[in-house]
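Predicted model only: the values in this text are computed from it and were never measured. Here is how names work: the chains are called A, B, and so on, in the same order as the sequence lines, proteins then strands, and each is numbered from 1.
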Amino acid sequence: MTDASERTFPLPSEITDVPGAENWASMYPAFTRFRPGDDQRFWFYNSMHFPEPMPAFDAITAEVPYTAIGANTARLFAFPTTLGIEHRIVNGRVYITANPVLDEDEVARRLQEFERRAGHYYENWDDIYTGWKARIDALIREVDDIEVPALPELDDLDAITSARGYAQNHLVRERWHRCIDLFSMMWHHHTELLMLGYGAYVVFFEFCKTAFPEIPDQMVARMVAGIDVIMYRPDEELKKLARLAVELGLDDVFVEDARADAILAQLEARGEAGSQWVKAMDEARDPWFNVSTGDGFYHHHRSWNDDLTVPFSALPRYVRLAKEGDPLLRPTEQLQEERERIVAEYRSLLQTDEDRAAFDQMLGLCRVVFPYVEDHKFYCEHWFTSRWYAKLREFGALLQRFGVVEQADDIFHLQHYEVDQALADVMLAWAAGGSVVSAEHVQAVVADRKQMLATLAEWNPPPALGPVPEALNDPAVKMLWGVTSETIEAWATAANVSGNEIRGYAASPGVVEGTARVLRSVNEIGEVLDGEILVATVTAPSWGPVFGKIRAAVSDIGGTMSHAAIVAREYGMPAVVGTGQATERIRTGQRLRVDGDRGIVTILDGDGR
Amino acid sequence: MSRPGQATELVRRLDQLGTNDRPEVGGKGASLGELIRTGIPVPPGFVVTTRGFLRALETLDPGAELRARIGQLPPDAAAADPTIRPLRDRILGAPLPDDVRDAIVAAYRELGADATPVAVRSSATAEDSAEASFAGLQDTYLWVRGAEDVVEHVRRCWASLYSLEAVSYRRQRGLGEDGLAMAVVVQEMVDARCSGVMFTCSPTTGDPSVIAIESGWGLGSAMVSGEVTPDALVVSKVTGEVVKREIAVKTHWHRMDPSGHGVVSEEVPEDLQARPCLSESQLTALTRLARRVEQHYGCPQDIEWAIPTDAGETDIVLLQSRPETVWANRPAQPVAAPKPRAFDHVLGVLGGQARHRGDDR
């Protein structure tokens, strides 16, 4: 292997503006800009969370998480070898770097604090997690309850009779800020237990890899993974609804390729049975349809609740299966038994009693922390974030009503700091009885940015920038960055890979051949045909139902614990994840071989792009 | 070294043997017998015991005169050929004592029709470190037919003990000639559709949770001779899942010579070359066999197997199992010691274990 330090990636200062999008920097705050000193540091493109150029507002999904995660490791728990993460945006792409602690005395000092602080959390994990869920529930309720001021012609009479003392335009900014603050609080909660949870997993993972050098990553994951994971619930709810449709004699309504609104209209025409089914669905919708079609880092990742396409494209198949007598139940007991059998076998293969004792401890700790690790995504990225974007759209609708923007969603082409100004314009106009002043300016900015985003999407960002550091193998850094010397090696050689092979993580075993269906947006999910191979940038839990149709899954983003990997294993189909480029290189209709044993996707006809 | 005093029979059937018979029938013979005892499919056969060998030498080298001379050769025995040649020639050509000859012929006839094809293979009797005295003597003759030929090839196995290389080897290591003896396994020939080896731990990392399987078309000799790169698979013992799968282009295979005697190397038909040798169900069957054998012996095994052309898809036979030596001989290194509290493991690793105080190993 070549010395990692000899690898060269472009320096941040060498990145030039994409022609046609020279003004990209106007979309983001000044604190996200590369500066000359950054050339001395190693940055990598966070394609896992930010696979597309950032719309101006969506840059908050980098700003806020990094304020929280860095504070968690650097200031709250005092991780000994690492502080927090810095991020920069160039040509719309988010690059990050972690700040290591290199001074040995400082590491020792921080270690003492870390042991006390992290120890407290591990010792009281269950109680803390119970409290955590209550806090997150309260946050979600609060974001739901925020009322965007209606700004009617006259303020409510109640403002007078209760001598409230202020007009409701005051509340526009206050509530907007509350939304932003709640997002920040959610991310602080999100990271509260995350690094410690991953830490337990990393330690068990390293142990297994030492004891069993050839154990697949997925097997370690399988020993740890929970069976009753909240992320499976949305899919379970769909299956329940499918069974109900059969019971109510409504199965003929659910035909493939029918639009959600068409199906709903038909249900309405079916009287009592139809309305009973719709009522059941409405009950399931809160909270279970609050699953994002992405993972909440982009405003255009809509939830099932926003767009019923995903659940309604899955229902016909489930209804058909239910009608054929399939109970549509996950064999949880069987899965549980299988998991315990795997654990027992690996345990018995260990060579010493000491190892078995250490194994028990590490796995035990993983089992304690994993309910949080597995479930927090539903609460945070899906449930909270779906509700939050819905609320922001209400502010967008207010801007639209006053003519500042043309469509409610245009709000997402303004920085959240700029939204303050647009709202101020509305507050002023309502107060003055005049009209908004900034509409022309704002609309021009929005139009310009939409065009720039389209241009930036064509840019191929280098996987990393700057000189490669030596200390890449510190477990904490590895955990935070998800990057190792091997990853960098792979990036550096990625350009040389042969034309028809794409490599990724072997996430779920097996080899199949089939026809590719490339999905860039979940809105296309209805197009997936039985027996195709799904190729997607990332798959979110809300895509679960489509796994019933496909023969294999390939994703650009994700590791062996990613959603695509977990679901593919459960469905027993091959999966290759984290390819970085599958959706770029594969076209719908091409023949593919997916080798989930080795992590290789082969394009069988043609060379790929 | 063998203790000839223990051996009483000149020839013994495989299905009558077990591990304890090793001094008399060699490692290969004993392990085949042991496998049969365990209920594992092994082609039938017999062993010409060390007693058979020594009994033959009583006639071929009366008073052990030639052997004594070999034992006195200097360590640098490069020019020893004139000393060892007479003994080798006699082993190969001089009349055998009737009882030895009759015993071999009778045992062969018991296997079936007169032209039953068999494999004739030397079976070292030494144990553990003394295995060295048999280095390079793992002779195998395939597709041997007829009693005459069988006797002939048994003699070839015996003679290989007195090849220049074998003698030089012993002299250089100061290994004695006294009591040196060899058993020979004669076993019904398997006309293998495909064959290979498997280790019940990873030969490259020692990982005990996997089985490494190598497979090629035809007889296993093509792989042993290094003529073809086999398919290489790593299967999880725990789930049976394939962890690694390298399918090679297998250009050659060893098959029965058209004359019916011996082996010929041929090009594999083109459509077969890049095809995996093993189906999923065959992999499963192999994995199950490997685990059974390992469990029986209680230590990692190195196993030869074959799938006969005229058998069912998963009717696999084993041709040999011996203890894996590379990894088994390494002392078990604990991976981690338990700690007072489970989360101390995390504190250690995330705390930059290598850099701080020495309470961790």
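- Using a 4.5 Å cut-off between heavy atoms, A:V368 makes no contact with chain B at all.
- Interface remark: B:V210 contributes side-chain atoms only to the contact with chain A (heavy atom separation under 4.5 Å).
- Both the backbone and the side chain of B:T239 come within less than 4.5 Å of a heavy atom in chain A.
- The most heavy-atom pairs under 4.5 Å with chain B, out of A:F359, A:Y346, A:W125, A:F204, come from A:Y346.
- Contact annotation for B:V234: only side-chain heavy atoms (C-beta onward) come within less than 4.5 Å of a heavy atom of chain A.
- Of the options A:Y121, A:Y122, A:F79, a ring-ring contact (aromatic ring centres under 6.0 Å, His included) to A:F114 is made by A:F79 and by none of the others.
- In this structure, the side chain of A:D595 does not engage the main chain of A:V511 through any donor-acceptor pair within 3.5 Å.
- Heavy-atom pairs under 4.5 Å with chain B were tallied for A:Q351, A:M219, A:E214, A:R356; the largest tally goes to A:E214.
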Quiz item: Run the salt bridge (charged side-chain N to carboxylate O under 4.0 Å, His left out) check on B:R193 and B:D310 step by step: do they pass?
Solution: CA-CA 8 Å; B:R193 181 193 323 164; B:D310 53 359; over 6 Å; no

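- Side-chain atoms of B:S265 and B:W253, non-hydrogen and from C-beta on, never get closer than 4.5 Å to each other.
- Applying the side-chain hydrogen bond (donor to acceptor under 3.5 Å, both in side chains) test to A:N124 and every residue at least two apart in sequence or in another chain returns A:H120.
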